[in-house]
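In what follows, a single structure is set out as structure tokens and then discussed.
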Amino acid sequence: MYWGLNHNPTGASADDEERPSLDTALLAASQAEARLREAIEAMPQGIVFLDDEDRYILWNEKYAQIYQGSADLLQPGVRIEDVLRIGIQRGDYPEALGQEEAWLSERLARLRRPGVRHEQWLSNGRCILIEERKIESGGTIGIRVDITDLKQKEETSRLLFERNPLAMFVYDLDTSRIRVANAAACALFDYAPGTMDGIAASDLFPETMWPRAAVLLGADNDDTGDCWKMLRRDGACLEAVISTRLSELEGYSGTIVSIFDVTERRRIEQRMAHMARHDELTGLANRAHCRERLRELLEQTETRETITLALVDLDHFKPVNDTYGHHFGDAVLTEAAHRMRELMPPGALLCRIGGDEFAVIFRRSSLTQAEVVSKAIVTTLSEPFFVMGHAIHIGATVGFASSPYDSRDHETLMRYADLALYAAKAERRGTCRSFEARMDAAAQEKSRLEQDLRAAVREGLLEVHYQPIVDLQSGAVVCYEALLRWYHPDRGRVPPDVFIPLAEEIGLIDQIGRFVLHSACNAAIRWPERISVSVNVSPLQFRNGNLLSTVINALSTSGLAPERLELEITEAVLMEKGPRPAAIIRNLRAFNIGISLDDFGTGYSSLSYLLNYPFTKIKIDKSFILNLHREASSRAVIRAVIGLGRSLGLVVAAEGIERESERDYLRDQGCKQGQGYLFGKAEPSAVIPGEDVAP
């Protein structure tokens, strides 16, 4: 520099003058390199710089992490070819296995022809995208991107397409052909794997439907539920729901098409629609179809047209299933349906509305004609059924109601026909009965009584009264029988033989039974210890299986000794099938609870029951006591029962004693205990004295 040569006030040499400039340049270069290194270190990709002889100059930490298997080889001036060769020997590049030199040659060729991206798999399972470009100095800058996650997603998508059980294909919008179809699509349309690729999409649709289908395939359409007719390779037709999704694919625009085969589903739906209205066993219209048809006829027919509904109930059908099995029962039902179908007049609809219940809707038939057919049904079903060599006898009972005479409402008409059937069964099975207004009145009265009973149980309006049972020799009270009483505010006293069967029918007997047991035990704990309490037990309490726990709970809650409790059962309990009644009775006796057989002498097998069950007492039914002085047979039964009880070691008690002469006779014959109005009526526990007094 001119100024530097002619003006040197300090007397320094020229070299000394140039040194600050060199230092500055070196500092700037160092700072530039540092900034460059900071820049490439900040990048998420692996970065590498090679010189014009493919030797390493600079790389970032991400690059070293990507090639961690060869990171110890990375040094400035080392040739990339040498690093690759050693990496091959170490097994870092699985794609080179078995073709090491060819793979290396191809890799170096790509390095010297930069600008084209390619992928490289490493031994750790990672996939690297490589992009390399030449720089002005002749060297190379390389970028490495870990695309393993992307490749996995691509592979997942490919597998989802190829292995998807749902039929799928890719539709080319430009050529209207199928680019690729998965295995499920090939199977659905009866093509060999891979042979659907390239076929015209119109081949999959009927000719008349293709214009609409082409519009569908050219747009985004979610599953709308619309069914499309489609064609298999053999021309067979199937029904499908189609969903489409427009996509930009590699080099072309296409639609990913999903095919939901609903052929079988539609067939099943049609079958289910039929089954929803028809009985599977007999093929007859079912209850839903019956109600729907009856409603339609009553709403649509002329006022003067008679519509009669007959309900047919098979008699003695349950024993068929119990004795022979359900396959016999099904055979009988099928044959019964066939016989009735043969009797149907034009316009009538025969239905099976329950297990052994049928219905007939008569249209364009007079009430008399409907009654004639109903009687014919009773006759034909009374004839024997021959099933697998067995002659099976059933029968039928019919109740019917008509419109417009009885009601124009289908629900009411069905209820009236049911009331007529109930009345016919109650009177005599194997008959026909038409609806009468008094049947509805009785049903309404029963319904009101049921509601009142539920309210009485809910509000605690039932009471337990106690009738004395005395020792006939001493006259002392030895037991009180707990008797349930219901005083209705409007009806007055409701007899137990009215509301107890109703409680059993509507499922209240368990709740009422618990109430009586707890009340009786709590009352008896206040009596002298030698006085016990007797409680009647319903057969349904045995059947429901909670009796033992209910009794134990009542005893433990009250503190009453088990030997002071006696349970009265009837022969109906012992007629229950299965081991449960016997097991419950024996368990009760194991607790030293007394078991009394009530109404003895009125059943069929009482003598055998005495031998098979651990009874402690038998009670002679009051019907024999009432006829004691009028019928010698009653006295004979009484003497026989007393003698039987004595020989078996059982206490014998007589019910219904109202006269002293009856008491004296029973006492003289050896009867131990007596009960009846002569000794006292049932009274609330509050009026029973703390100490008993002989009457």
Side-chain angles (χ1 to χ4, degrees), residues 29-163 247-251:
S30 175
Q31 291 175 340
E33 181 182 355
R35 284 194 294 271
L36 174 61
R37 182 168 292 279
E38 289 177 359
I40 65 174
E41 288 295 346
M43 297 184 69
Q45 300 89 1
I47 305 295
V48 63
F49 289 91
L50 306 175
D51 63 14
D52 56 356
E53 295 182 2
D54 300 330
R55 292 176 297 195
Y56 281 97
I57 299 174
L58 184 65
W59 60 93
N60 65 359
E61 182 63 26
K62 183 65 176 178
Y63 181 87
Q65 291 174 359
I66 290 174
Y67 294 105
Q68 55 184 340
S70 303
D72 59 318
L73 305 175
L74 301 180
Q75 296 291 334
V78 174
R79 293 167 57 85
I80 190 172
E81 179 180 350
D82 297 333
V83 173
L84 289 171
R85 192 177 296 279
I86 295 173
I88 291 172
Q89 294 172 355
R90 292 178 175 179
D92 292 342
Y93 306 102
E95 294 172 320
L97 184 63
Q99 52 173 359
E100 290 80 0
E101 289 301 325
W103 183 87
L104 181 59
S105 297
E106 175 63 22
R107 174 68 187 92
L108 295 175
R110 289 178 181 274
L111 178 64
R112 295 175 184 128
R113 296 194 310 271
V116 179
R117 295 179 177 181
H118 63 279
E119 297 172 1
Q120 182 184 78
W121 284 93
L122 303 180
S123 60
N124 59 6
R126 312 303 294 179
C127 183
I128 309 303
L129 178 65
I130 298 176
E131 182 176 358
E132 293 165 328
R133 296 185 181 277
K134 288 294 183 179
I135 54 179
E136 267 186 47
S137 63
T140 304
I141 179 172
I143 301 175
R144 306 291 191 268
V145 180
D146 188 336
I147 60 169
T148 308
D149 293 343
L150 179 61
K151 293 294 288 184
Q152 289 175 344
K153 290 179 181 178
E154 289 179 353
E155 179 67 9
T156 300
S157 298
R158 183 183 66 80
L159 292 175
L160 282 175
F161 178 82
E162 293 179 355
R163 301 182 184 180
S247 301
E248 285 298 322
L249 304 170
E250 295 182 4

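In this structure, Asn60 contributes its side chain and Gln45 its backbone to a donor-acceptor pair below 3.5 Å. Although no hydrogens or angles enter the test, the distance criterion places a donor-acceptor pair under 3.5 Å between the side chain of Glu41 and the main chain of Glu61. Within the 3.5 Å criterion, the main-chain N or O of Gly98 finds a donor-acceptor partner in the side chain of Glu100. A donor-acceptor contact shorter than 3.5 Å links the side chain of Arg90 to the backbone of Gly69.
Taking all atoms of both residues into account, the shortest heavy-atom contact from Ser123 to Pro94 is N-CD, 3.5 Å. Of all non-hydrogen atoms in Ala71 and Ala64, the two that sit nearest each other are CB-O, 4.0 Å. When all heavy atoms of Ser70 and Gly87 are compared, the closest pair comes out as OG-CA, 4.1 Å.
Open room surrounds CZ on Arg117; 12 or fewer heavy atoms of other groups in view lie less than 6.0 Å from it. A 6.0 Å sphere centred on CG of Leu97 holds no more than 12 heavy atoms belonging to other residues, nucleotides or ligands.
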Under the side-chain contact (heavy atoms from CB on, under 4.5 Å) rule, what do Tyr93 and Leu84 come out as? Steps first, then yes or no, please. CA-CA 9 Å; Tyr93 306 102; Leu84 289 171; 3.6 Å; yes

Apply side-chain contact (heavy atoms from CB on, under 4.5 Å) to residues Tyr67 and Gln120 and explain how you reach the verdict. CA-CA 11 Å; Tyr67 294 105; Gln120 182 184 78; 2.8 Å; yes

Step by step, work out the side-chain contact (heavy atoms from CB on, under 4.5 Å) result for Tyr56 and Val83. CA-CA 10 Å; Tyr56 281 97; Val83 173; 3.7 Å; yes

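Going from atom CG of Leu50 over to atom NZ of Lys134 covers 8.0 Å, rounded to the nearest 0.5 Å. Rounded to the nearest 0.5 Å, atoms CD1 (Ile141) and CD1 (Ile40) are 8.5 Å apart. For the atom pair CG (Leu111) and CD1 (Ile80), the distance works out to 5.5 Å, reported to the nearest 0.5 Å. The distance from the CZ atom of Arg107 to the CD atom of Glu95 is 11.0 Å, given to the nearest 0.5 Å. One distance of note links CD1 of Ile135 with CG of Asp51; it measures 9.0 Å at 0.5 Å rounding. A distance of 14.0 Å separates CD1 in Ile143 from NZ in Lys62, rounded to the nearest 0.5 Å.
The side-chain contact (heavy atoms from CB on, under 4.5 Å) test with Ile66 singles out one residue from Leu122, Val48, Val145, and that residue is Leu122.
Between Glu132 and Arg113 there is no salt bridge, since none of the side-chain N atoms of the basic residue sits less than 4.0 Å from a carboxylate O of the acidic one.
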